[in-house]
Amino acid sequence: MAVTLQYLVVRNGITKMTFTDKKEADAYDRLLDLADQIDELLSTGPVELNEQDRENLALFLAQSQDRLIGLSKKKPARTKEKSPDTVKAVA
């Protein structure tokens, strides 16, 4: 008989996910914490979303945090052509 240790991630009395690795369970718990914080932020925003859509969006953004952080670190790509607004006239 094998004994398997399981870690449950429980929110509001509901089991969200089961893991056999503690690090994975902790990482998922932190992800849900971040999603909760994003959900609170979205609830104060200018766009009104129903609760389910807001929760889904918050979870998506939490799962995409690496991509979002990467976007803030990237500098906009420069084009070689100058736009008409930046061309100076020489007299």
Side-chain angles (χ1 to χ4, degrees):
M1 181 168 120
V3 175
T4 304
L5 186 60
Q6 294 184 336
Y7 299 91
L8 304 175
V9 177
V10 179
R11 291 288 167 128
N12 301 321
I14 301 169
T15 301
K16 295 292 185 174
M17 192 75 75
T18 302
F19 296 90
T20 57
D21 182 63
K22 184 175 183 346
K23 286 183 181 182
E24 288 180 13
D26 287 340
Y28 190 73
D29 188 49
R30 285 190 302 275
L31 177 77
L32 293 180
D33 285 341
L34 179 59
D36 285 344
Q37 293 172 354
I38 293 171
D39 182 53
E40 288 179 27
L41 177 66
L42 291 173
S43 70
T44 64
V47 177
E48 194 169 323
L49 299 169
N50 67 50
E51 185 177 351
Q52 187 62 50
D53 287 344
R54 195 179 66 234
E55 288 175 1
N56 289 338
L57 179 58
L59 184 59
F60 171 76
L61 292 172
Q63 291 169 333
S64 303
Q65 63 183 309
D66 292 338
R67 289 178 60 196
L68 291 170
I69 290 169
L71 290 175
S72 69
K73 291 182 179 181
K74 288 183 183 179
K75 293 184 179 180
R78 293 187 171 210
T79 59
K80 293 185 180 184
E81 296 178 22
K82 290 185 177 182
S83 68
D85 295 340
T86 60
V87 176
K88 294 182 180 178
V90 178

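All residue numbers in this chain count up from 1 along the given sequence. Since we're looking at a predicted model, the values are computed, not measured.
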Please name the pair of heavy atoms, one in Ala25 and one in Tyr7, separated by the smallest distance, quoted to 0.1 Å. CB-CB, 3.7 Å
Distance, nearest 0.5 Å, that separates CG of Asp21 from OH of Tyr28: 15.5 Å
Roughly how far, to the nearest 0.5 Å, is CG of Leu59 from CG of Leu34? 9.5 Å
Working to the nearest 0.5 Å, report the span between CD of Glu24 and CG of Asp29. 13.5 Å
Heavy atoms only: give me the nearest Leu32-Val9 pair and the separation to one decimal. CD1-CG1, 3.7 Å
Any donor-acceptor pair under 3.5 Å linking the side-chain atoms of Asp33 with those of Gln37? no
Between Asn12 and Ile14, is there a donor-acceptor pair closer than 3.5 Å when you use the side chain of the first and the backbone of the second? no
Determine whether Leu31 and Ile69 fall in the same hydrophobic cluster, where Ile, Leu, Val, Met, Phe, Trp and Tyr are linked whenever their side-chain heavy atoms lie under 4.5 Å apart. no
Hey, what do you get for CG (Asp53) to CD (Glu51), rounding to the nearest 0.5 Å? 10.5 Å
Which heavy-atom pair separates Ala35 from Ala58 by the least distance, and what is that distance? O-CB, 3.3 Å
How many angstroms lie between atom CG of Asp36 and atom CZ of Arg11, to the nearest 0.5 angstrom? 5.0 Å
Taking only distance into account, with no hydrogens and no angle test, what donor-acceptor pairs under 3.5 Å do side-chain atoms of residues 38-48 form with protein atoms, sequence neighbours excluded?
| from | atom 1 | to | atom 2 | distance (Å) |
| --- | --- | --- | --- | --- |
| Asp39 | OD1 | Arg54 | NE | 2.6 |
| Ser43 | OG | Glu40 | O | 2.6 |
| Thr44 | OG1 | Leu41 | O | 2.7 |

Reported CG-to-NZ distance for the pair Leu5 and Lys22, which is rounded to 0.5 angstrom: 10.0 Å
